[in-house]
Amino acid sequence: MIIKKSEKDERREKIIDVAFRLFVDKKIESVTMGEIAKEAGIGRATLFRYFPGKLELVIAVNTKEWKEYFDELDQKRPMSSVGDIPAIGRLIFTLDSFIEMYQTHKALLRYNDNFNHYVSHSGRKDLQMDEFNQALFSANTRFHMMYEKAKEDKTFKTDMTEEEFMRVTVHTMMTACAYYAGGFIWGSKENEDYTPELIKLKEMILAYVKA
């Protein structure tokens, strides 16, 4: 059964979509709530009824964009399939997914990099991040299952903590893709496709975890 969105839900979604575009184009810090309200075709008072402050809107944008991305990824490789392939296969799929993000979701990568900087200096409370953390549940669960499976099938090394492993592999790959997407790399040229370099980084990470 298709559930029709209410007018309130549609307006909230429009606000988030407008804010995402502005945040990507101009950076979060420089965008005002007044600009967002104007672009969304609503008054400031209406905007603040949906989001009491800019931080709440910034978090809502990141939550929506990541949830949509992970829902799309889940359709390609359901969580139930995690146990069907070796842990190294899951890691390769994860690294490849970030390269695919660089190719097709550059805006999300650029926004997420700006988001991390913004919220770390915002004085936000952990409670405000609950919805965002729930949106990442699928990814975090998959990573944990992958690491635990590697302890059994030995397809990549687990001689470090799970947190350290994720930092030097998955997070390193994602960070590199975000910087390449934003053009924050030495000697980069605008509109150049740097996929071959990201593939080399993936191969270096795989060589390290297999050593």
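Predicted model, so just to flag it, every value in this text is computed and none were measured.
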Quiz item: So with a 6.0 Å cut-off around OH of Y179, is the heavy-atom count from everything else above 12?
Solution: no

Practice problem: Quick one: pull up CG in N112 and CE in M174 and give me the separation to the nearest 0.5 Å. | Solution: 4.0 Å

Quiz item: Side-chain contact, heavy-atom cut-off 4.5 Å: I199 with T195?
Solution: yes

Quiz item: Given T172 and F98, is the side-chain contact (heavy atoms from CB on, under 4.5 Å) satisfied, shown in steps?
Solution: CA-CA 10 Å; T172 293; F98 286 128; over 6 Å; no

Quiz item: Just one of E100, E65, E72 clears the side chain to side chain contact (heavy atoms under 4.5 Å, CB included) bar with H105, so which one?
Solution: E72

Quiz item: Got V24 and K106 here, is their nearest side-chain heavy-atom distance under 4.5 Å?
Solution: no

Quiz item: How many angstroms lie between CG in L201 and CG in L95, if you round to the nearest 0.5 Å?
Solution: 8.5 Å

Exercise. Decide yes or no on side-chain contact (heavy atoms from CB on, under 4.5 Å) for Y111 and V58, but give the supporting numbers first.
Key: CA-CA 10 Å; Y111 177 74; V58 166; 3.4 Å; yes

Exercise. Please identify each residue that fulfils side chain to side chain contact (heavy atoms under 4.5 Å, CB included) with A150, with sequence neighbours left out.
Key: A87, D153, F156, T158

Quiz prompt | Euclidean distance, L91 CG relative to F143 CZ, rounded to 0.5 Å | solution = 9.5 Å

Quiz item: Do the side chains of Y102 and D193 get nearer than 4.5 Å, heavy atoms only?
Solution: yes

Self-check item: I205 CD1 to T169 OG1 distance, which is reported to the nearest 0.5 Å
Solution: 6.5 Å

Quiz item: Is there a side-chain contact between F23 and N114, using heavy atoms and a 4.5 Å cut-off?
Solution: no

Self-check item: Shortest non-hydrogen contact from A60 toward R12
Solution: CB-NH2, 4.0 Å

Exercise. If the plane angle is over 60° it's perpendicular, under 30° parallel, otherwise tilted; pick one for F70 and W66.
Key: parallel

Quiz item: Which distance, rounded to the nearest 0.5 Å, do you find between the CD1 of I85 and the OG1 of T155?
Solution: 9.5 Å

Practice problem: For K54, check side chain to side chain donor-acceptor pair (under 3.5 Å) against everything at least two apart and list the hits. | Solution: none

Practice problem: For A19 and V61, work out which heavy atoms get closest and say how close. | Solution: CB-CG2, 3.9 Å

Practice problem: Mind checking the OG1-CZ spacing from T175 to F184? Nearest 0.5 Å is all I need. | Solution: 13.0 Å

Quiz item: ring pair (Phe, Tyr, Trp, His ring centres under 6.0 Å): which pairs involve residues 185-211, sequence neighbours left out?
Solution: Y180-Y194

Self-check item: Residue pairs passing the salt bridge (Lys or Arg N to Asp or Glu O under 4.0 Å) test where at least one lies in residues 15-39, sequence neighbours excluded
Solution: D17-K64, R21-E39, K26-E35

Quiz item: Do M166 and M204 share a hydrophobic cluster (ILVMFWY, side-chain heavy atoms under 4.5 Å, transitive)?
Solution: no

Quiz item: Can you pull the salt bridge (Lys or Arg N to Asp or Glu O under 4.0 Å) pairs that have at least one residue in residues 198-210, sequence neighbours excluded?
Solution: D96-K202

Exercise. For M160, look at atom CE and say whether over 12 heavy atoms of other residues, nucleotides or ligands are found less than 6.0 Å away.
Key: yes

Practice problem: Salt-bridge test for R167 and E164: reply yes if a basic N is under 4.0 Å from a carboxylate O, no otherwise. | Solution: no

Exercise. Kindly write out the residues that satisfy side chain to side chain donor-acceptor pair (under 3.5 Å) with T46, not counting sequence neighbours, or none if the list is empty.
Key: R49

Quiz item: Yes or no on side-chain contact (heavy atoms from CB on, under 4.5 Å) for R11 and I15, after CA distance, side-chain angles and deciding distance?
Solution: CA-CA 6 Å; R11 180 175 288 173; I15 292 170; 4.2 Å; yes

Quiz item: Taking it one step at a time, do E56 and Y50 satisfy side-chain contact (heavy atoms from CB on, under 4.5 Å)?
Solution: CA-CA 9 Å; E56 287 79 7; Y50 283 87; over 6 Å; no

